[in-house]
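Down below is the structure, laid out as structure tokens.
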Amino acid sequence: MSLNTMTIVQAEKAMAAGEISAVELTASCLKQIEAVDGRLSAFITVDEEGALGQAREADARRKRGEARPLCGIPVSIKDVLCVKGMGATCGSKILEHFIAPYDAAVIEKLKAAGAVILGKVAMDEFAMGSTSETCAFGVPENPWLAGHVAGGSSGGSAVSVAASEALASLGSDTGGSIRQPASLCGVTGMKPTYGRVSRYGLIAYASSLDQVGPLCRDTADTALLLQAICGHDRRDSTSMEMPVPDFTAALTDGMKGARIGVPKEYFAEGLDEEVAAVARRGIEALAKAGAEIVDISLPHMPYCVAVYYLLATAEASSNLARFDGVHYGFRADGCQSLIDVYEKSRSQGFGAEVKRRILLGTYALSAGYYDAYYKKASQVRTLIQEDFTAAFKQCDALISPVTTSPAWPFGSGQDDPLALYLSDILTISANLAGIPAMSVPGGFSGTGLPIGIQLQAGHFNEEILLKTAHNLERELGIGWRPAPVA
Ligand code: GLN
């Protein structure tokens with residue numbers, strides 16, 4: 001077995017037994033990046049020297065008997081998270097030359113555990129998108145089928161894990177950006193509960209929705225990476241002071257006593273037949289594992305897309321005001337006045353989709369429209385949250401598709417932003433409700449593209465998600481499969 005296709009669990013076992021070293025493991029990932037990333041464009045920055053240095057340090061720690069989980073495990077990081085001394089472009093020209101002056105909280109935790117940071121990976125500009133095509137520094141390609149999107153916005157994260165360049169990755173999820181690319185690329189992705197993971201050092205998109213989370217090769221690895229990044233952090237006022245359970249201990253066999261809900265609104269018209277079939281196989285698998293299957297309705301689902309795109313753009317317009325040509329990154333040349341600096345730097349630095357969202361969001365927040373748009377959307381958000389609260393009185397977790405179709409060819413959504421917004425319909429409700437959600441590989445389309453299954457649970461109930469995912473994996477027999485790249 002080549003080292004770079006190992007799961008975290010396998011690699012840790014092999015390192016603990018002295019069969020492989022962190023340096024060998026890291027070198028095999030770097031070799032794979034060298035071989036395939038010219039075509040796949042998952043990485044924006046590769047830190048070969050730094051990674052090998054961290055791997056040597058991890059090997060030394062292990063020799064001293066000080067290895068903790070993740071020690072010596074090579075990971076990639078979405079370019080929206082700050083890693084001290086490395087670029088953090090957010091996929092945008094406006095941050096092209098920005099070097100992060102500090103580590104994000106999750107990076108501090110990974111470094112403390114001894115993980116190896118291979119580099120920073122591609123994403124839609126400021127995490128706004130569903131295909132990673134708005135990235136200013138190369139567009140990641142789906143490693144399962146040439147010419148197809150990887151999904152987004154954490155497209156580089158998903159590709160790097162699927163294509164055996166990194167054992168795991170950290171992404172961010174505001175409306176599906178971890179789960180959707182995970183589903184389209186055949187890896188496992190989790191958006192933890194809002195407040196579970198500190199966002200200190202995560203460049204903000206929409207602060208009431210953003211969460212950091214893992215993209216991994218299977219459920220056991222997801223439990224390990226989640227364990228490493230969770231916990232209260234006083235530098236993020238939304239991070240909750242909650243006990244962090246032992247997530248690996250949650251991965252027990254059998255679903256007896258669990259009630260799994262099937263939300264009928266997620267199986268509505270317009271859903272691809274193959275995607276629906278995979279989700280149905282998932283439901284059967286959980287029933288076979290002993291779960292009771294119950295029908296659920298989330299009546300406010302039809303309003304999700306409208307609510308999300310009002311709230312997310314409104315928050316983005318405010319968050320992105322800081323990129324003004326003065327504080328961070330790009331400043332336009334030849335400016336005559338301060339206003340000129342703002343106008344030219346923002347016009348030239350931001351891409352079309354980001355500008356569209358800033359305009360939309362500014363409009364929704366403007367005097368006279370605030371009540372009609374932002375306030376109304378916030379009220380409907382509460383109704384959506386109440387739907388989930390009611391649902392989790394009837395069941396422990398929900399099962400559904402993640403996306404409405406498998407990956408599609410590059411360019412197909414470009415002229416119609418609304419069609420792309422609508423494609424987020426199955427993932428954004430979890431962010432609006434603040435609940436944890438996961439995408440687990442469920443099957444393949446006739447054309448060989450992966451299809452995921454989504455699981456959602458109540459606040460701070462990541463354990464039932466992981467347990468359900470683990471049982472799906474066992475029953476369906478679809479664990480980690482490396483994408484067939486050279
Ligand atoms: N596709 C959604 C959007 O464009 C979600 C993005 C995300 O989760 N960051 O906003």
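Atoms within each ligand, like the ligands themselves, are counted from 1 in listed order.
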Do [X] and [Y] sit within salt-bridge range, that is, some charged N less than 4.0 Å from a carboxylate O?
X      : Y      : value
Glu386 : Arg381 : no
Arg356 : Glu353 : yes
Lys376 : Asp371 : no

For ligand 1, which atoms, with element, lie under 4.0 Å from some heavy atom of [X]?
X      : value
Tyr309 : 1 (N), 2 (C), 3 (C), 4 (O), 10 (O)
Gly175 : 5 (C), 7 (C), 8 (O)
Gly129 : 1 (N), 2 (C), 3 (C), 4 (O), 6 (C)
Ser130 : 1 (N)
Ser153 : 9 (N)
Met128 : 4 (O)

Check: Looking just at side-chain N and O atoms, do Gln180 and Ser130 make a donor-acceptor pair shorter than 3.5 Å?
Finding: no
Task: Flag side-chain contact, heavy atom, 4.5 Å: Ile296 against Cys395 - done: yes
- Message: Tell me whether the rings of Phe350 and Phe323 are parallel (<30°), tilted (30 to 60°) or perpendicular (>60°).
- Response: perpendicular
Under 4.0 Å between heavy atoms, the region of Thr174 that gets near ligand 1 turns out to be both
Checking heavy atoms under 4.0 Å, the part of Arg357 that sits near ligand 1 is side chain
To the nearest 0.5 Å, atom CD of Glu141 lies from atom CZ of Phe410 at 5.0 Å
| message | Under 4.0 Å, counting heavy atoms only: does Ala312 come that close to any atom of ligand 1? | response | no
Q. Is ligand 1 less than 4.0 angstrom away from at least one heavy atom of Tyr308?
A. yes
Review point. Do Tyr205 and ligand 1 have an N or O pair less than 3.5 Å apart?
Key: yes
For this session: Answer yes or no: does an N/O atom from Ala127 fall short of 3.5 Å to an N/O atom of ligand 1?
Result: yes
Worksheet entry | Ring centers of Phe126, Tyr205 separated by less than 6.0 Å | no
With a 6.0 Å cut-off on ring centres, are Phe98 and Phe330 close enough? no
The protein heavy atom nearest to atom 6 (C) of ligand 1 is Ser177 OG, 2.8 Å
Atom 1 (N) of ligand 1 has as its nearest protein heavy atom Asp424 OD2, 2.8 Å
